[in-house]
Amino acid sequence: MDSIEFHFMTKETIRVRFAPSPTGPLHIGGVRTALYNYLFARKHGGKMILRIEDTDQTRFVKGAEEYIIDALSWCGIDFDESIIQGGDFGPYRQSDRKPLYKKRAQELIDNGWAYYAFDTAEELNALRVDAENQGQTFTYSHANRDSLNNSENIGMESSLQKIAEGVPFVIRFKMPEDSELQMNDIIRGEIVVNTSTLDDKILFKSDGMPTYHLANIVDDHLMQISHVIRGEEWLPSLPLHSMLYQAFGWKAPAFAHLPLLLKPKGNGKLSKRDGDKLGFPVFPTQWTNPQTGEKSMGYREEGYFPQAFINMLALLGWNSGTEKEIFSMEELIQSFSLERVNKSGAKFDPEKAKWFNHQYMLAADNKFLAAEFSPVLVEKGIEIQEDKLITIIALVKERATFVKDLWEQSYFFFEAPKVYDAKTVKKRWKEATPAIMRQLVTLLQNVDDFSSATTERLVKEWIQEKEYSMGQVMNAFRLAVVGAGKGPHLFDIIAIIGKEETLTRLINAIENIKK
Ligand code: GLU
């Protein structure tokens, strides 16, 4: 048995890539992969590359490439080299690099690491069915390659003749029969695999395109990628990829396979279905299926701040080793390390996602929130001065998770109650209430300084003097002003809506409640 030990290099210049396939929208797991690559690159002053892996034409989805670029840009993840701005190692779309791969596949044939195979889909299918009938699984490997329709079996000369005649062919990797591969993963440590368990994967397809495996390795090499940071689902490909570096005589980059994002409940990978069931998005931005027109929710459209979304994702699978949870992108860059990425999967928690957004809401500049909230008011035909709106937002934002919640928490600043919450009326509006409210009207009519502090002092003094209970007066007063038993400090509300509006609302309540 041979033993092959790979020495993964750490190149001096850090170059990482995010290499999505444009087969649909980007799952948040993919966004996290992009993010960790980005943080790693930025932390080490390296380069971040976007490469589009579109060699599987059967899975190509229109609009997916644009979606990926737009979604990552919303997240604040930018690239140094990509299909947009180019770079010294382009083109950055694999379908634009086609001739490169053919040459490399040929190189592997020439040095004995690959061979031509002519087995038709029908032939392979029959072999699969046969194996299944015997309770086995068919794999194309060292165990049977000498008896199948390929250049290992029929010889190079007849193979070249077939190719000249136009017989369709693929190129397969010749996986050694019994070699122990020792590989290293930054997150998982040493990984040992014996090649006897591996099959002869197709590297080059009959449609003239490389498979993912070949294109990925060729490009990582040519683009001088120093670290491959990608999802755990690619870990099973690591032995083949390591062998390909060996076969080409290239030094392999360092590898880090990130843990899966798991369902909120139960086991398994977080899927779109989990999101649909529990009502949370699994995509960064809204996606419209180009075939069916079906729309899938996005974090952006649900009202998440990109910074909150990114902060939440960063902590799904990585921790700083401290209790700190709120990190700006800059702080993430400072603190990030692949060594602190967990091995085990990270359970996605939709409530925690909301918690993050709420934290960002609390910390957000109120002027910014006012600008975000304004369109809602404009649509309702409400005009308000900016400084007033800023004051209102400051009062209510602790009750809101999203900007869109601000209306529900603040509408009573903009319009008088049209109805009164029935439960609150029952509990708070008693026989004696109208008479007390009438006295309150008289009291407030004589107040000139309608600031929160003054009205609060005067009203409270009057309550004491009359020996009313605080709750008895204040709850009814709130019901009259707000229409319900909610909202921020009542004296702050009346200071903002003003004396005249407060009196009108009190009088309306006296006239309308329980009539
Ligand atoms: N194109 C692969 C994907 O869609 C990239 C895997 C890798 O990073 O090597 O995830």
Side-chain angles (χ1 to χ4, degrees), residues 8 14-41 46-61 63-69 71-72 77 79 81-83 89 91-98 101 173 183 185-188 191 201-203 205 209-245 248 250 252-261 269-272 282-284 287 317 338 341:
F8 297 96
I14 301 280
R15 290 177 57 81
V16 296
R17 87 298 194 273
F18 179 55
S21 298
T23 54
L26 199 53
H27 184 275
I28 52 175
V31 181
R32 192 198 53 179
T33 300
L35 174 64
Y36 285 9
N37 272 283
Y38 176 79
L39 297 176
F40 186 75
K47 295 278 186 258
M48 169 76 167
I49 293 138
L50 175 67
R51 182 173 74 223
I52 300 292
E53 300 207 325
D54 59 347
T55 56
D56 190 349
Q57 288 164 331
T58 59
R59 295 181 61 215
F60 179 82
V61 172
E65 191 179 287
E66 293 76 4
Y67 173 92
I68 292 167
I69 290 168
L72 292 175
I77 297 174
F79 294 91
E81 299 167 30
S82 76
I83 51 168
F89 299 83
Y92 292 91
R93 191 187 283 110
Q94 288 187 327
S95 57
D96 296 334
R97 301 169 64 82
K98 236 170 114 180
Y101 309 118
F173 187 69
M183 298 160 289
D185 181 279
I186 297 173
I187 297 164
R188 282 143 219 279
I191 298 167
K201 281 267 183 296
I202 297 179
L203 300 178
K205 296 176 286 183
M209 284 293 242
T211 57
Y212 154 72
H213 301 294
L214 178 68
N216 187 269
I217 266 54
V218 168
D219 286 347
D220 282 348
H221 172 71
L222 295 179
M223 295 181 179
Q224 295 183 12
I225 299 304
S226 64
H227 293 73
V228 169
I229 304 167
R230 62 184 175 189
E232 183 182 303
E233 60 273 31
W234 300 104
L235 195 55
S237 301
L238 182 60
L240 171 64
H241 293 182
S242 302
M243 283 305 303
L244 279 167
Y245 282 105
F248 280 118
W250 296 335
F255 285 95
H257 289 87
L258 307 174
L260 292 176
L261 286 193
K269 208 172 143 174
L270 176 70
S271 71
K272 174 166 145 37
V282 296
F283 302 128
W287 165 253
L338 286 172
V341 173

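Worth knowing before you read on, the calculation uses all heavy atoms, side chains too, and leaves out hydrogens, waters and symmetry mates. Every value quoted in this text rests on a predicted model; they were computed, and no experiment measured them. For ligands, and for the atoms within them, numbers begin at 1 and follow the listed sequence.
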For this session: With side-chain hydrogen bond (donor to acceptor under 3.5 Å, both in side chains) as the test, would you mind laying out the steps for Tyr101 and Asp219 before giving the verdict?
Result: CA-CA 9 Å; Tyr101 309 118; Asp219 286 347; 2.7 Å; yes
Problem set entry | Centroid separation His227 to Phe40 less than 6.0 Å | yes
Exercise. More than 12 heavy atoms of other residues, nucleotides or ligands under 6.0 Å from NZ of Lys269: is that the case?
Worked result: no
For this session: Number the atoms of ligand 1 from 1 as they appear, then name those within less than 4.0 Å of a heavy atom of Tyr212, with their elements.
Result: 2 (C), 5 (C), 6 (C), 7 (C), 9 (O)
Seminar exercise, completed: Sequence neighbours excluded, the answer for side-chain hydrogen bond (donor to acceptor under 3.5 Å, both in side chains) partners of Ser271 is Asp274
Exercise. Which atoms of ligand 1 have any heavy atom of Asn216 under 4.0 Å away?
Worked result: 7 (C), 9 (O)
Exercise. In this structure, which one of Trp287, Tyr67, Phe283 forms a side-chain contact (heavy atoms from CB on, under 4.5 Å) with Leu26?
Worked result: Tyr67
Problem set entry | Under 4.0 Å to a heavy atom of Glu53 - the qualifying atoms of ligand 1, by number | 1 (N), 2 (C), 5 (C)
For this session: Considering only non-hydrogen protein atoms, determine which one is nearest to atom 5 (C) of ligand 1 and report residue, atom name and distance to 0.1 Å.
Result: Ala19 O, 3.1 Å
Exercise. Is it the side chain (CB and beyond), the backbone, both or neither of Thr33 that lies under 4.0 Å from ligand 1, heavy atoms counted?
Worked result: neither
For this session: Can you pull out the closest protein heavy atom to atom 4 (O) of ligand 1? Residue, atom name and distance to 0.1 Å, please.
Result: Ser21 OG, 3.2 Å
For this session: Distance to 0.1 Å, residue and atom name: give those for the protein heavy atom nearest to atom 8 (O) of ligand 1.
Result: Arg17 NH1, 2.7 Å
Exercise. So, is Val228 polar-close to ligand 1, with some N/O to N/O distance under 3.5 Å?
Worked result: no
Problem set entry | For Pro20, the option from Val31, Ile69, Leu72, Leu50 that meets side-chain contact (heavy atoms from CB on, under 4.5 Å) | Leu50
